[in-house]
Number of protein chains: 2
Amino acid sequence: MSQAQQPVFKALADPTRREILKRLQQGSETAGEIATAFTISKPSLSHHFNILKAADLVRTERRGQHIVYSLNATVLQEAMAMLLDVFSPGDSSRQQDNDGSKT
Amino acid sequence: MSQAQQPVFKALADPTRREILKRLQQGSETAGEIATAFTISKPSLSHHFNILKAADLVRTERRGQHIVYSLNATVLQEAMAMLLDVFSPGDSSRQQDNDGSKT
DNA sequence: CATTCTTTTAGAAATTTGTCTAAATATACA
DNA sequence: TGTATATTTAGACAAATTTCTAAAAGAATG
């Protein structure tokens with residue numbers, strides 16, 4: 001089910017990319033539509049798109065001259081869940097209390 | 001309740017730091033204990049601790065010569081939730097379907 | 001106080017990242 | 001085909017990041 005999470009967290013590290021994802025949560029948009037919401041150049045934005053695509057956080061579909069970007073929410077959720085150890089609870093050979101040292 | 005999320009996501013972007021957090025989910029540890037689990041130098045690790053502290057993802061407590069690191073799970077959860085829009089659902093002036101463009 | 005152990009700070013070097021402009025590619029349409 | 005629109009690729013450059021070694025700082029103990 002899941003892929004490498006490193007590209008996902010790298011992708012989430014940039015505020016521009018997080019804002020792109022946030023916009024796409026409201027619905028798909030073309031590259032140009034997204035571009036109007038930012039002050040950086042289109043090539044810079046395109047670079048961010050590439051990073052999001054590499055992390056599989058967004059999917060693309062060509063529609064005439066436009067390219068429509070949509071969110072892949074599953075990857076986002078998997079990364080979060082994995083980080084919070086919802087899936088792999090660990091070996092539990094160390095204590096769980098979290099209120100002090102092991103000594 | 002919440003602070004700036006940029007330092008949190010920057011902190012999560014590095015695999016070493018994510019592994020530190022994962023360890024701390026199992027229970028608090030001293031800097032030295034954590035260091036045994038990694039191959040990088042202690043100063044490098046200390047640098048990562050600083051970034052995690054700046055993001056408020058970990059808390060520290062001195063215990064004699066040792067410094068004990070513990071996870072601040074709340075910050076982690078808030079960042080995740082915020083990203084998934086659990087808290088701030090957006091303006092809903094754009095469509096929610098996520099299956100195509102707005103055109 | 002001197003020594004030892006633990007951890008951090010300082011400063012430097014190599015790599016990565018985010019941004020730009022200029023140019024290329026892809027599609028639509030007269 | 002030629003032109004306009006939409007988007008990406010190429011290449012360069014400044015800033016940020018990760019790592020290291022050397023040295024300093026904090027605490028326990030003889």
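Protein chains get the first letters and strands the later ones, always in sequence-line order, with residue 1 at the start of each.
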Nearest to the side chain of [X], heavy atoms from C-beta on, is which of [options]?
X	options	value
A/Ile40	D/dT8, C/dC20, C/dT8	C/dC20
B/Lys42	C/dT7, C/dT9, D/dT8	C/dT7
A/Ser46	D/dT8, D/dT19, D/dT18	D/dT8
A/His48	D/dT7, C/dT21, C/dT19	C/dT19
A/His66	C/dT8, D/dA6, D/dA28	D/dA6
A/Ser41	D/dA6, C/dT21, C/dT19	C/dT21
A/Gln65	D/dT5, C/dT21, D/dA22	D/dT5
B/Lys10	D/dA16, C/dT7, C/dT19	D/dA16
B/Ile67	C/dT21, C/dC5, C/dT8	C/dT8
B/His47	C/dT16, D/dT19, C/dT9	D/dT19

Please confirm whether the shortest side-chain N or O distance from [X] to OP1 or OP2 of [N] is below 4.0 Å.
X	N	result
A/Tyr69	D/dT8	yes
A/Ser44	C/dG18	no
B/Arg63	C/dT6	no

If each of A/Thr16 and B/Asn50 is mapped to the nucleotide of DNA chain C with the nearest heavy atom, which maps nearer the 5' terminus, i.e. the 5' end? B/Asn50

If you assign each of A/Arg62 and A/Asp14 to its closest nucleotide in DNA chain C, which residue comes earlier from the 5' end? A/Asp14

For atom [atom1] of [X] and atom [atom2] of [N], their distance in whole Å:
X	N	atom1	atom2	answer
B/Phe38	C/dT7	CZ	P	14 Å
B/Ile51	C/dT9	CD1	P	12 Å
A/Leu52	D/dT7	CG	P	16 Å
B/Phe9	C/dT17	CZ	C1'	18 Å
B/Glu29	C/dT7	CD	P	11 Å
B/Glu61	C/dT7	CD	P	13 Å
A/Leu45	C/dG18	CG	P	13 Å

Shortest non-hydrogen contact from B/Val75 toward B/Ala55: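 Nearest heavy atoms, B/Val75 then B/Ala55: CG1-O, 3.6 Å.
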
Say whether, by atom type as modelled, one donor and one acceptor occur between the side chain of A/Glu29 and the main chain of A/Ile20 under 3.5 angstrom. no

Distance-only, no hydrogens or angles: does the B/Glu78 side chain make a donor-acceptor pair with backbone N or O of B/Ala73 under 3.5 Å? no

Close side-chain approach of A/Leu12 and A/Arg17, heavy atoms under 4.5 Å: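 No. Closest side-chain heavy atoms not under 4.5 Å.
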
Taking the side chain as C-beta and beyond, is there a heavy-atom pair between B/Ile34 and B/Phe49 under 4.5 Å?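 They are in side-chain contact.
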
Separation between CG of B/Leu71 and CZ of B/Arg59, rounded to the nearest 0.5 Å: 10.0 Å

